Amino acid sequence: MSGNRTFTMIKPDAVAAGNTGAITKMIEEAGFRIVAMKKTKLSRERAGQFYAIHKERPFYEDLCNYMSSGPIIPMTLEKENAVEDFRTLIGATNPQEAAEGTIRKLFATSIEANAIHGSDSDENAEIESNFFFSRTEQF
Ligand code: IDP
Ligand code: MG
């Protein structure tokens with residue numbers, strides 16, 4: 001995968017609140033092309049695998065329970081400078097610290113239920129995309 005891709009998930013709180021369309025619109029209007037997209041639900045075990053990097057953190061158990069609590073929308077996205085530009089579009093992890101106009105500022109309800117995921121590096125973008133989509137599902 002090139003350095004022009006990132007991976008995102010619309011998280012259970014935002015899907016349940018009916019914000020999938022509004023968030024997807026913001027993503028496309030910011031210049032990202034949707035390479036792959038689906039609606040799915042993580043088991044508790046799969047959520048634990050996805051967030052294994054955080055397993056020593058105090059919020060890990062709550063995070064895995066939350067992320068397996070309802071449907072999510074994983075997507076692979078393409079744009080020049082995708083990883084960095086997408087982190088700018090979503091805003092800080094804690095919505096109280098997120099900049100005006102960012103997806104988390106607009107849609108997150110707490111530091112945990114913060115509406116959306118964004119990969120933090122090109123390497124993790126590829127790993128995370130491949131966690132949800134086979135190569136033949138990425139267009
Ligand atoms: P990021 O999603 O902005 O990259 P990370 O530090 O990678 O933030 O944390 C992964 C996810 O874990 C966050 O998006 C959020 O859902 C949750 N999280 C992070 N920090 C906390 C916390 O202090 N309390 C509760 N949940 C947290
Ligand atoms: Mg992160």
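Each ligand, and each atom within it, is numbered from 1 in the order the structure gives. Just so you know, these numbers come straight off a predicted model, no measurement behind them.
- Closer than 4.0 angstrom to ligand 1 sit non-hydrogen atoms from Lys11, His54, Phe59, Leu63, Arg87, Thr93, Arg104, Ile111, Glu112, Asn114.
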(request) Could you check Glu126 against Arg135 for salt bridge (charged side-chain N to carboxylate O under 4.0 Å, His left out), going step by step and ending with a plain yes or no? (result) CA-CA 10 Å; Glu126 179 163 7; Arg135 288 194 190 282; 3.6 Å; yes

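- Ring geometry, His117 versus Phe50: the interplanar angle exceeds 60°, so the pair is classed perpendicular (tilted spans 30 to 60°).
- Legend: residues meeting side chain to side chain donor-acceptor pair (under 3.5 Å) with Tyr51, ordered by chain and number and at least two apart, are absent.
- Applying the 4.5 Å side-chain rule to ILVMFWY residues, one finds that Ile111 remains a lone member of its cluster.
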Could you go through residues 11-24 and list every donor-acceptor pair under 3.5 Å that involves a side-chain atom there, pairing it with any protein atom two or more places apart or in another chain?
{"from": "Lys11", "atom 1": "NZ", "to": "Asn114", "atom 2": "OD1", "distance (Å)": "2.7"}
{"from": "Asp13", "atom 1": "OD1", "to": "Tyr66", "atom 2": "OH", "distance (Å)": "2.3"}
{"from": "Asp13", "atom 1": "OD1", "to": "Ala115", "atom 2": "N", "distance (Å)": "3.4"}
{"from": "Asp13", "atom 1": "OD2", "to": "Ala115", "atom 2": "N", "distance (Å)": "3.4"}
{"from": "Thr24", "atom 1": "OG1", "to": "Thr20", "atom 2": "O", "distance (Å)": "2.7"}

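- Taking the centre and axis of the six-membered ring of Phe86, the NZ or CZ atom of Lys79 falls outside the cone set by 45° and 6.0 Å.
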